[in-house]
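Here, residue 1 is the first one in the sequence, and each next residue gets the next number. None of these values were measured; they are calculated from a predicted model.
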Amino acid sequence: MACSAAAGAEATALLCRRPAPSSIAGRNRLAVSRRPRHRNLRTGAQPPQKSTPSANYRNRVNIQRDRAGASSDDEHQQKSEDENGLPNIQLEDLVEMIQNTEKNILLLNQARLQALERADKILKEKEALQQEINNLEIKLSETGAQSELSSIGMSDAEALEFDVLKEENMLLKDDMTFFKEKLIEITETEESLFKLEKERALLDASLRELECAFIAAQSDMLKLGPMQHDAWWEKVENLEELLESTANQVEHAALILDGYHDFQDKVDKLEASLGATNISEFCLYLVDLLKKRVKSIEERFQACNREMHSQIELYEHSIVEFHDTLSKLIKESEKKAMEHYAEGMPSEFWSRISLLIDGWSLEKKISNNDANILREMAWKRDNRLREAYLSSRGKAERELIDSFLKMALPGTSSGLHIVHIAAEMAPVAKVGGLADVISGLGKALQKKGNLVEIILPKYDCMQHNQINNLKVLDVVVQSYFEGNMFANKIWTGTVEVNAGLPVYFIEPQHPGKFFWRAQYYGEHDDFKRFSYFSRVALELLYQSGKKVDIIHCHDWQTAFVAPLYWDVYANLGFNSARICFTCHNFEYQGTAPAQDLAYCGLDVEHLDRADRMRDNSHGRINVVKGAIVYSNIVTTVSPTYAQEVRSEGGRGLQDTLKIHSKKFVGILNGIDTDTWNPSTDRFLKVQYSANDLYGKSANKAALRKQLKMSSANASQPLVGCITRLVPQKGVHLIRHAIYKTAELGGQFILLGSSPVPNIQREFEGIADQFQNNNNIRLLLKYDDALSHMIFAASDMFIVPSMFEPCGLTQMIAMRYGSVPVVRKTGGLNDSVFDFDDETIPMELRNGFTFLKADEQGFDSALERAFNYYHRKPEVWKQLVQKDMKIDFSWDTSASQYEDIYQRAAARARAAT
């Protein structure tokens, strides 16, 4: 029995023994021990374990094995090091290690089968022993009865001897009871063996799972960044926990085995007691047989235990090798990643670097010349900046600046430095389509290798949670306004997860609290607010010392930039840039009394002229006209709208546009195909694509349920409309569409509100009228998440605008498989082509259009759409799939902008 206890202790020590620390800094080999999770993989070498006399032999064996393993490791390392002394781990090495692990698993399975066979034999012998004990009890009972009968008439001596024998028989019964209890303990030991086997199987499964996952990720491992290896370490730690659980089971089995000392003592005592009495030879035979069976169980348990320990040791060795190889592979991949050109770093990283450099320049921590050189490097995504930034994390800012300055060498770039100055940007400050253009065009230009920056007002109501790394610079920009100098705080941050566009937010310290109004537009002093902002934006660029190629301003709110740049800042030496102005809607032109131009420092007498900024219709000044006159490039948002505004669509500026027609062009806007993508849209109940339209019908059913609409007819067509309810959008036709859709047996959903009170009240009345109609829903609000669901659920989408500079909703609708029904005007005419128009190539026909802005024209288009939907479902499905595959991304539009930017920048360089 002593040897069994030693075997159990040896098993526990073997499983609890910690492997030698790995040579990889900051990582240890997998250790099988009971200690807090993660500590073993992140700490240094483990403290030495206390030695005990009973463990001396095991320590000597472990030392010899470790020395042999270390020798083998050194040999392997020498073979795998390259000429620079760095590890050269190949994937073949890892595969070989996995194959060795599979062999060890096979050996472990064989041991498991042997253990199960022995457990079966032990169980059979136990049952036989139990039967013999039962027979012995019966014989003892019979002997006791016979003794009672024979006791009658005995002499006193015989009676005394009989009492002694009777007492011995009682002791024998007690011992038999004790044997039963120990048999129960043996059964529990067998159960422990099965639990041990179960834990081993779990280890086996975990290793195979890790092996499969690792083989599947072999090609990607070298591309992983340092932060992504934690998932691998977690898998290795899970294996460690399983090994620890196994160690606990074996230790428990060893404790049970130790408990057999008392059992052996009992058997010895019983044997001595029987030897001192005149018990029959049969009883002695039973006791002797019991001893042999107990000894046999012990020997077999020890043999099973030793084999299990041997297999666990092999398994542990395989895990250590796997861990070591994985560590070396990770180290090599990190080294290669650092050496590789940093094209894999996200755009947000380089935007952060750019903002960091600009902040140092504005705070006068580096010179303007050094700032320009470092911006050039960031622009080119120079890997040296990346390495310097990552290696300086946690250090003082001065150390980072010094490391950057050491690399400040002149360079050139084929890209452009483009700055957008605007009043909106999605998703931070969004009112209309302008916000989508700023973010969408900015991302597309950045992807083409240009340095793109945005300057916005810092509104109190903007979506701060959409800005990453928002911080205020330790600098105050002073700007002129109304005869005084006012301070302005400058905030920086990045917007858009996929692009990481660098954005500057201007917070005026003006008593007028220009951008602390809880709304973006609609204030009585909007002219003053945005003329102030335009002046500060240029002052920021001037003080930063940037050599900008293109300054792109948008709509009347930043149209002040063009005359300010050429009349004020060009005279100060800030003249490297060329100005591009985009008017997104000529309905809004920013007119005011001429004297109001003086607020921002413009010369009223110089600009209040018919050929400059005086409005063509009355004596006020017109800032959109001023931008057209002063800008180098003038654009609008679609080719058809560019033609329309040269006539009555120009709202009085058609003559000015004709004069400057050589620099005026219409470029169709795109949509952000990352945000508007039905296959990845997080707002949808079910994502889908052109090749799998099941999700579209599922979203239709979900929206009907959400809005409590009728679901009796799953194929009932659903018409959607998402718009601002203003006269431009054709509100009379939207109202008519509600009734016409009900007449045709369809369902209708309107999402949008009106800033015009009487229009809002009118549609509130219509909503009340259809309150109990399960086929009509008017949601007079804006809800971004709901808009995604309406695009996905609708079968048709109406845009009956009176005029539409570009329009984005018809493009988004087609992206989601909703067929557009639109009026032929502006950008609608450039993006939607009638399905029945035989003068248009069939591959371009994608919707239904009408020309006249009346009910008859709209009815004709909607009825044709309903007829195809009901009568030609296969043709309709093909139309839906074709619409979903049309490329409305910003890529083509951005290329056109880049082309006109390049030409303007080339003329600027030629002029210097």
**Side-chain ion pair, D891 and K448, N-O less than 4.0 Å** = yes

**Fill in**
Correct closest heavy-atom pair for E855 and L733 would be N-CD2, 3.9 Å

**Request:** Could you tell me whether the side chain of S354 and the main chain of S351 form a donor-acceptor pair under 3.5 Å?
**Result:** no

**Message:** Side chains of N669 and H584: any donor to acceptor distance under 3.5 Å?
**Reply:** no

**Request:** Check the angle between the aromatic planes of Y816 and F791 and answer parallel, tilted or perpendicular using the 30° and 60° thresholds.
**Result:** tilted

**Message:** Could you check whether K882 pairs with E843 (Lys NZ or Arg NE/NH1/NH2 to Asp/Glu carboxylate O, under 4.0 Å)?
**Reply:** no

**Distance-only side-chain donor-acceptor flag, S889 / T673, under 3.5 Å** = no

**Item:** Residues D795, K700: salt bridge by 4.0 Å N-O rule
**Value:** yes

**Request:** Could you tell me which non-hydrogen atom of I790 sits nearest to which non-hydrogen atom of G720, and how far apart they are?
**Result:** CG2-CA, 4.3 Å

**Request:** Going by the side-chain hydrogen bond (donor to acceptor under 3.5 Å, both in side chains) test, name the single residue among Y459, Y521, Y520 that passes it with E424.
**Result:** Y521

**Message:** If we ignore hydrogens and angles and just use 3.5 Å, is the side chain of Q687 paired with the main-chain N or O of D681 as donor and acceptor?
**Reply:** yes

**Prompt:** Which pair of non-hydrogen atoms, one from A793 and one from L718, has the smallest distance, and what is that distance?
**Reply:** O-CD2, 3.7 Å

**Asked** Are F770 and Y739 near enough that their ring centres are under 6.0 Å apart?
**Response** yes

**Request:** Could you tell me how the ring of Y868 sits relative to the ring of F848: parallel (under 30°), tilted (30 to 60°) or perpendicular (over 60°)?
**Result:** tilted

**Asked** Can you tell me if N846 uses its side chain to pair, donor with acceptor, with the backbone of F833 under 3.5 Å?
**Response** yes

**Request:** Measure from NZ or CZ of R646 to the centre of the six-membered ring of F664 and say whether it is under 6.0 Å with the direction within 45° of the ring axis.
**Result:** no

